[in-house]
Structure formats: structure tokens, C-alpha cells
Amino acid sequence: MTAEMIAPEWMHRQITSEEYDSWTAEQCAGIEIVDGMVVVSPSASKRHNRLARILANALDEAGGSEWNADTDFDVRLQDVPLNNRRPDVGVYRADTIDKSPTRPEDVLLLVEVVSPGSETTDRVVKLAQYAQAGIPFYWRIEQAVGRVPVVHTYVLDEASRAYRAGELFAGRVAAVVPYPVEVDLGSV
């Protein structure tokens, strides 16, 4: 069995931003590009998707007319080598809704819901990548069946381009990003 039988040729070489931009939405769904290489993630659980949706809805409502919150869209962290992440939830300037790709300067907050298999990426790799890209806020949600989700918040220190730990929330989030948001994740 050859590698081409398991995965298409484009998954075995670096992808440029121009090439990625020419792909259809279906080709881009469920993948991220890290250092130009395609990274495929397994499908998220229903619990994972529900947490992301509830949080996105609360952030969207709290953001008013200036900020939108959505799930499942690309954030272009850099063009060369291509780093294109697909956070679980993103809050971006409302006036950039039709701008593609979404760039770090248009993003206020990115949220990752940790799943089995994404622990190191969400806790370490994305934390560093989002900080280097200048994303002002990052939240990481730890979930476990039968337990209340825990939200770890981080605030960017622009001088060092590193995050400092913010507040920790269990179940109910009441934070400012920079607008106030409250959401109950305890019943998920």
C-alpha cells in the first residue's frame, strides 16, 4: 500500500497560501495548515461542538454590533510558511465578516476546546502561535464527561508577545474581552 493510497499527494508536501486559497470550502473543512503541512483532525464529539456553539452564541450576543463570534473558520496566522488555524470559536471585528482569510489583526479572542488528541497542541503549540500572531485573548476549555468544563483564560502581553494566565472559570464564565460576557457551560 502506498502513501498516495492512504492520503492524497498534497498531504505529503508543503502547501502555499496561494494554493490553499484556491481550494474549495469542502477541501479546507476539518484541516489546518502548520508550517505549510496539512494537519487533519478527527471529528469533534457532540459535547465538544455543543460547548463551542454555546460559547460562540454568548460571545456573539455580548459583542453587539462591533464583534462577531463564530465557529469553524480559518485564521491565517502567517503566509510563509503557511500557518492557517481553525479555532473552535473565534471573535473577530464585525466589519471583516466578508474578508477572507481572517487575519490576526481582525481577531480579538480565539477559543480551543481540548479534546483527546489535541491536548499538547491546544495547551502549548496554539498558545504560543496565537501569542506570536498578536491575538489579544486566548481561552482554553478543558472538558471531561460528568465534570464541569474549566475555562483557562490568557491575556497577551504585547511587549513579550507571550500570554499571561488570566482568570480561571469552572462552569460559569464571567469575563471581559474587552466587553463583558457571561455564559453558563456547567450544564453541558
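Only a predicted model underlies this, so the values are computations on that prediction, with no experimental measurement involved.
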| request: Find out if a path of hydrophobic residues (ILVMFWY) with successive side-chain heavy-atom gaps under 4.5 Å connects L51 to V111. | output: yes
| said: Could you work out, with side-chain hydrogen bond (donor to acceptor under 3.5 Å, both in side chains) as the rule, every residue matching D72, not counting sequence neighbours? | reply: R86
| query | Side chains of Y20 and D74: closer than 4.5 Å at any heavy-atom pair? | reply | yes
| Pairwise distance CG(D70) to CG(L59) - rounded to 0.5 angstrom | 10.5 Å
| query | Got a sec: does the CD of E61 have more than 12 other heavy atoms crowding it under 6.0 Å? | reply | no
| Do Q129 and V34 have side chains that get closer than 4.5 Å, going by heavy atoms? | yes
| Between R76 and D21, does at least one N-O distance fall below 4.0 Å, as a salt bridge requires? | yes
| request: Before giving the answer on side chain to side chain contact (heavy atoms under 4.5 Å, CB included), spell out for L109 and W67 the whole-Å C-alpha distance, their side-chain angles and the decisive distance to 0.1 Å. | output: CA-CA 10 Å; L109 163 70; W67 297 99; over 6 Å; no
| message | Using every non-hydrogen atom in the two residues, find where Y130 and P87 come nearest and quote the distance to one decimal. | response | OH-CB, 3.9 Å
| Heavy-atom count around R147 CZ within 6.0 Å, excluding the residue itself: above 12? | no
| note | Between the CG atom in D79 and the CD1 atom in I33, the distance rounded to the nearest 0.5 Å is 12.5 Å
| field | Derivation of the side chain to side chain contact (heavy atoms under 4.5 Å, CB included) call for R140 and L127 | value | CA-CA 9 Å; R140 185 184 81 241; L127 182 79; 5.7 Å; no
| query | Any salt bridge between R123 and E142, counting N to O under 4.0 Å? | reply | yes
| request: Check whether any side-chain heavy atom of L77 lies under 4.5 Å from a side-chain heavy atom of P104, and answer yes or no. | output: yes
| request: Any chance you could measure T102, atom OG1, to N84, atom CG, to the nearest 0.5 Å? | output: 9.5 Å
| Among I141, D122, N49, V89, the one residue meeting side-chain contact (heavy atoms from CB on, under 4.5 Å) with V113 | I141
| said: Main chain of R161, side chain of Q132: is a donor-acceptor contact present, judged purely on distance under 3.5 Å? | reply: yes
| Ion pair present between E112 and R85, side-chain N to carboxylate O less than 4.0 angstrom? | no
| said: Return the CG to CG distance between D35 and N83, rounded to the nearest 0.5 Å. | reply: 5.0 Å
| note | Heavy atoms of E19 and W23 approach each other most closely as O-CD1, 3.2 Å
| message | Has S17 got a side-chain atom pairing as donor or acceptor with L82's backbone, closer than 3.5 angstrom? | response | no
| query | Looking only at atom types and distance, does a side-chain atom of S118 sit under 3.5 Å from a main-chain N or O of S115, one as donor and one as acceptor? | reply | yes
| query | Do the rings of Y163 and Y154 sit parallel, tilted or perpendicular, given the 30° and 60° boundaries? | reply | tilted
| Any side-chain heavy atom of V150 within less than 4.5 Å of one from L168? | yes
| request: Please tell me if the side chains of F73 and N68 come closer than 4.5 Å, counting only heavy atoms from C-beta onward. | output: no
| remark: Output for pair (L55 CG, D60 CG), nearest 0.5 Å, gives 11.0 Å
| Are side-chain heavy atoms of E158 and P136 found at a separation under 4.5 Å? | no
| query | Is there side-chain contact between Y92 and I97, with at least one heavy-atom pair below 4.5 Å? | reply | yes
| message | Can you confirm whether R50 sits close enough to R53 that some side-chain heavy atom of one is under 4.5 Å from a side-chain heavy atom of the other? | response | yes
| At what distance, to the nearest 0.5 angstrom, does OG of S43 lie from NE2 of H48? | 11.0 Å
| said: With clusters defined by side-chain heavy atoms of hydrophobic residues (ILVMFWY) lying less than 4.5 Å apart, directly or transitively, does V176 cluster with L108? | reply: no
| query | Where is the tightest heavy-atom contact between P81 and Q14, given as atom of each residue plus distance? | reply | CB-NE2, 4.3 Å
| Shared ILVMFWY cluster between V114 and I54, side chains joined below 4.5 angstrom? | no
| query | Which atom pair, heavy atoms only, marks the closest approach of A52 to T71? | reply | O-CG2, 3.9 Å
| Can you name the nearest heavy-atom pair linking P178 to F137, along with the distance? | N-CE1, 4.2 Å
| remark: Heavy-atom nearest pair, A170 first then V148, reads C-CG1, 3.6 Å
| query | Are V155 and F169 grouped together when hydrophobic residues (ILVMFWY) are joined by side-chain heavy atoms under 4.5 angstrom apart? | reply | yes
